[in-house]
Q: 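Sharing a structure below in structure tokens format, with a few things to ask.
Small disclaimer: the values here were computed from a predicted structure and weren't measured. Just so it is clear: chains get the letters A, B, ... in the order the sequence lines come, proteins before strands, and each one is counted from 1. Computed from heavy atoms alone, side chains included, the values below leave out hydrogens, waters and symmetry copies.
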There are 2 protein chains.
Amino acid sequence: MRIGELAKATGTKAETIRYYEREGILPAADRTTGNYRDYSNEHLATLSFVRRARGLGFSMSQVKELLTLSDNDDKSCSDVDQLVRQQLKEVNRKIENLILLRDELSQMLQSCEASRIGDCQIVEHLAQPPQV
Amino acid sequence: MRIGELAKATGTKAETIRYYEREGILPAADRTTGNYRDYSNEHLATLSFVRRARGLGFSMSQVKELLTLSDNDDKSCSDVDQLVRQQLKEVNRKIENLILLRDELSQMLQSCEASRIGDCQIVEHLAQPPQV
DNA sequence: TATGCACCTTGTAGCAACTACAAGGTCAAG
DNA sequence: CTTGACCTTGTAGTTGCTACAAGGTGCATA
């Protein structure tokens, strides 16, 4: 299949697919006589895997690791497990930080009852060290 | 004060401060005879404001807006309020997405009881084709 | 046959928000 | 007078794409 078809099938832009090829995430496809990329079902499967992992927040290099690991059916599963655990920890860390942010933003909104910026608690809140 | 001192005082790298100057986020400082940047307390206050807003997830252009707004003491507070509200919404959106991710990753970990990658549920889970 | 159009090719540059050099200048201490 | 910390400018790298530009291919239609 051509790149446009693969793009549609995976919800990926053609430019992104070519980018993945450059980055060694997706193996290069065969070429037609007109020099068009010609993808196989295996490419489709790999790209789906990549997109799914990226959607779960794995970095490009983590995706590369996952791809390498998943090629070795007989190897231990623990490396994959480890990567997922790491990613889970990272996601939890982000959630916690965002919740702190959210609380602070909410607080700011509630404290703002001024009508002039000169009296605005939000601006004061942001301007931590005085003398502006 | 020199750039290094300002950097230490605000927990910002000197390179970042120069970057802010280039981007028009922080006004240019006076120069000493040796061409070193010489910052005032006003610079310190502005940079603190910037870092605080950036730390709360506001984009550079939002920070610019906030700075412009906070310069007009007599203007209405509602624009500031609006920006904070918008940012709060964005943060909530991110939290929700991350929670979905977290759930999926946890699920994957729990389903993995294989010892061989060939049997690994995680790899199989990732290999699912995209479901629209 | 010509032509129009969708699709493809490579290459390069842009995005956010920094960060990391390199090559050199300034300044106070020893 | 040299050392070493600090500063200067300029440029390029980071991540993961995305957006052109200029041209080639393939197929349907006039």
Side-chain angles (χ1 to χ4, degrees), chain A residues 1-26 28-40 43 46-67 86-87 90-91 94 97 101, chain B residues 1-26 28-40 43 46-67 83 86-87 90-91 94 97 101 130:
Chain A
M1 84 192 77
R2 298 202 307 198
I3 199 168
E5 200 181 336
L6 180 63
K8 209 168 277 175
T10 58
T12 313
K13 304 210 169 176
E15 278 134 332
T16 305
I17 296 173
R18 285 190 282 259
Y19 165 72
Y20 286 160
E21 184 184 309
R22 278 202 304 284
E23 295 299 308
I25 283 275
L26 196 63
D30 291 344
R31 296 299 181 116
T32 66
T33 49
N35 198 30
Y36 288 4
R37 286 171 180 83
D38 186 20
Y39 290 100
S40 67
H43 282 104
T46 303
L47 181 55
S48 302
F49 184 105
V50 169
R51 288 260 100 192
R52 191 134 176 68
R54 292 282 307 119
L56 286 167
F58 290 95
S59 71
M60 294 283 275
S61 65
Q62 284 177 322
V63 172
K64 267 187 210 174
E65 278 190 77
L66 284 170
L67 283 171
Q86 190 182 316
Q87 177 59 13
E90 182 64 19
V91 168
K94 281 184 189 162
N97 282 337
L101 279 197
Chain B
M1 86 192 75
R2 298 201 307 197
I3 200 170
E5 200 180 338
L6 181 63
K8 209 168 278 176
T10 58
T12 314
K13 303 207 171 176
E15 277 134 333
T16 306
I17 295 174
R18 285 189 281 258
Y19 165 73
Y20 285 160
E21 183 184 311
R22 278 203 303 283
E23 294 300 308
I25 282 276
L26 195 63
D30 291 344
R31 296 299 180 115
T32 67
T33 49
N35 199 30
Y36 288 4
R37 284 172 181 82
D38 186 20
Y39 290 100
S40 67
H43 282 104
T46 304
L47 181 54
S48 302
F49 185 105
V50 168
R51 288 261 99 191
R52 191 138 177 66
R54 291 283 304 118
L56 285 167
F58 290 95
S59 71
M60 294 283 276
S61 66
Q62 284 176 322
V63 172
K64 265 187 212 175
E65 277 189 80
L66 284 170
L67 284 172
L83 274 175
Q86 190 182 315
Q87 177 59 13
E90 182 64 18
V91 167
K94 282 183 188 163
N97 282 336
L101 278 198

Q: For A/Gly34 and for A/Tyr20, find the nucleotide of DNA chain D with the closest heavy atom, then tell me which residue's nucleotide is more 5'.
A: A/Tyr20

Q: When you get a sec, tell me which of C/dA20, C/dA17, D/dT8 is the closest nucleotide to the side chain of B/Tyr36?
A: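 Looking only at heavy atoms from C-beta outward on B/Tyr36, the closest nucleotide is D/dT8.
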
Q: Tell me the interatomic distance from A/Ile17, atom CD1, to D/dC17, atom C1', rounded to whole angstroms.
A: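 Rounded to the whole Å, the gap is 13 Å.
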
Q: If you check every side-chain atom of B/Arg2, which of D/dC6, C/dC8, C/dT19 has the closest atom?
A: D/dC6

Q: CE of B/Met60 versus C1' of C/dT19: gap in Å, rounded?
A: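 One finds 13 Å between C1' of C/dT19 and CE of B/Met60, rounded.
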
Q: Just how far, in rounded Å, is C1' of D/dC6 from NZ of B/Lys8?
A: 11 Å

Q: For residues B/Tyr39 and B/Arg2, report the shortest heavy-atom separation together with the two atoms involved.
A: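 Minimum heavy-atom separation between B/Tyr39 and B/Arg2: CD1-C, 4.2 Å.
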
Q: To the nearest 10 degrees, how far apart in direction are the end axes of the helix from C/dT1-D/dA30 to C/dG30-D/dC1, each fit to five base pairs?
A: 30°

Q: Grab the CD-C1' distance between A/Glu21 and C/dG11 for me, whole Å please.
A: 14 Å

Q: Quick one: A/Tyr19 OH to C/dT9 P, roughly how many Å, whole number?
A: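 Taking atom P of C/dT9 as the reference, OH of A/Tyr19 is at 18 Å.
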
Q: To the nearest 0.5 Å, how far apart are OG1 in A/Thr12 and CG in A/Leu6?
A: 7.0 Å

Q: I'd like a table of donor-acceptor pairs (distance under 3.5 Å, sequence neighbours excluded) in which one partner is a side-chain atom from residues 13-23 of chain A, with atom names and distances.
A:
| residue | atom | partner | partner atom | Å |
| --- | --- | --- | --- | --- |
| A/Tyr20 | OH | A/Arg51 | NH2 | 2.9 |
| A/Glu21 | OE1 | A/Arg37 | NE | 2.8 |

Q: Please check: side-chain N/O of A/Gln87 versus main-chain N/O of A/Gly57, any donor-acceptor pairing under 3.5 Å?
A: yes

Q: Atom OH of A/Tyr39 and atom P of C/dC7: how far apart are they, to the nearest Å?
A: 16 Å

Q: Ignoring hydrogens and geometry beyond distance, is the side chain of B/Glu23 in donor-acceptor contact with the base of C/dC18 at under 3.5 Å?
A: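 A donor-acceptor contact between them is absent.
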
Q: Can you find a donor-acceptor N/O pair under 3.5 angstrom joining the side chain of B/Glu15 to the base of C/dC21?
A: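 Between C/dC21 and B/Glu15, which were checked side chain against base, a qualifying N/O pair under 3.5 Å is present.
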
Q: Please work out if B/Arg37 contacts a base, only the sugar-phosphate, or nothing of the nucleic acid, heavy-atom cut-off 4.0 Å.
A: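 The residue B/Arg37 makes sugar-phosphate contact but no base contact.
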
Q: By the 4.0 Å heavy-atom rule, please label B/Thr32 as base, sugar-phosphate, or nothing.
A: nothing

Q: Report yes or no: does A/Asp38 contribute a side-chain atom to a donor-acceptor pair with the main-chain N or O of A/Arg31 at less than 3.5 Å?
A: no

Q: Which of the following nucleotides, C/dA17, D/dG26, D/dG16, is nearest to the side chain of A/Thr33?
A: D/dG26

Q: What is the distance, rounded to the nearest whole Å, between atom CG of B/Asn35 and atom P of D/dC6?
A: 19 Å

Q: Please check the phosphate of C/dA16 (OP1 and OP2 only) for any side-chain N or O of B/Arg54 closer than 4.0 Å.
A: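 Checking B/Arg54 against C/dA16: no side-chain N or O falls below 4.0 Å of OP1 or OP2.
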
Q: For the residue pair A/Ser59 and A/Gln62, what are the closest heavy atoms and their distance?
A: N-OE1, 2.9 Å

Q: Of the nucleotides C/dT10, D/dT18, D/dC7, which one has an atom closest to the side chain of A/Arg31?
A: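 Looking only at side-chain atoms, A/Arg31 lies closest to C/dT10.
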
Q: Given 3.5 Å as the limit, does a donor-acceptor pair link the side chain of B/Arg54 with the main chain of B/Phe58, or not?
A: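 Pair found, side chain donor or acceptor close to backbone of B/Phe58.
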
Q: Distance only, no hydrogens: is a donor on one side chain within 3.5 Å (strictly under) of an acceptor on the other, for B/Thr46 and B/His43?
A: no

Q: Could you give the NZ-to-C1' distance, from A/Lys13 to D/dC20, as a whole number of Å?
A: 13 Å

Q: Does a nitrogen or oxygen in the side chain of A/Arg18 sit under 4.0 Å from OP1 or OP2 of C/dT10?
A: no

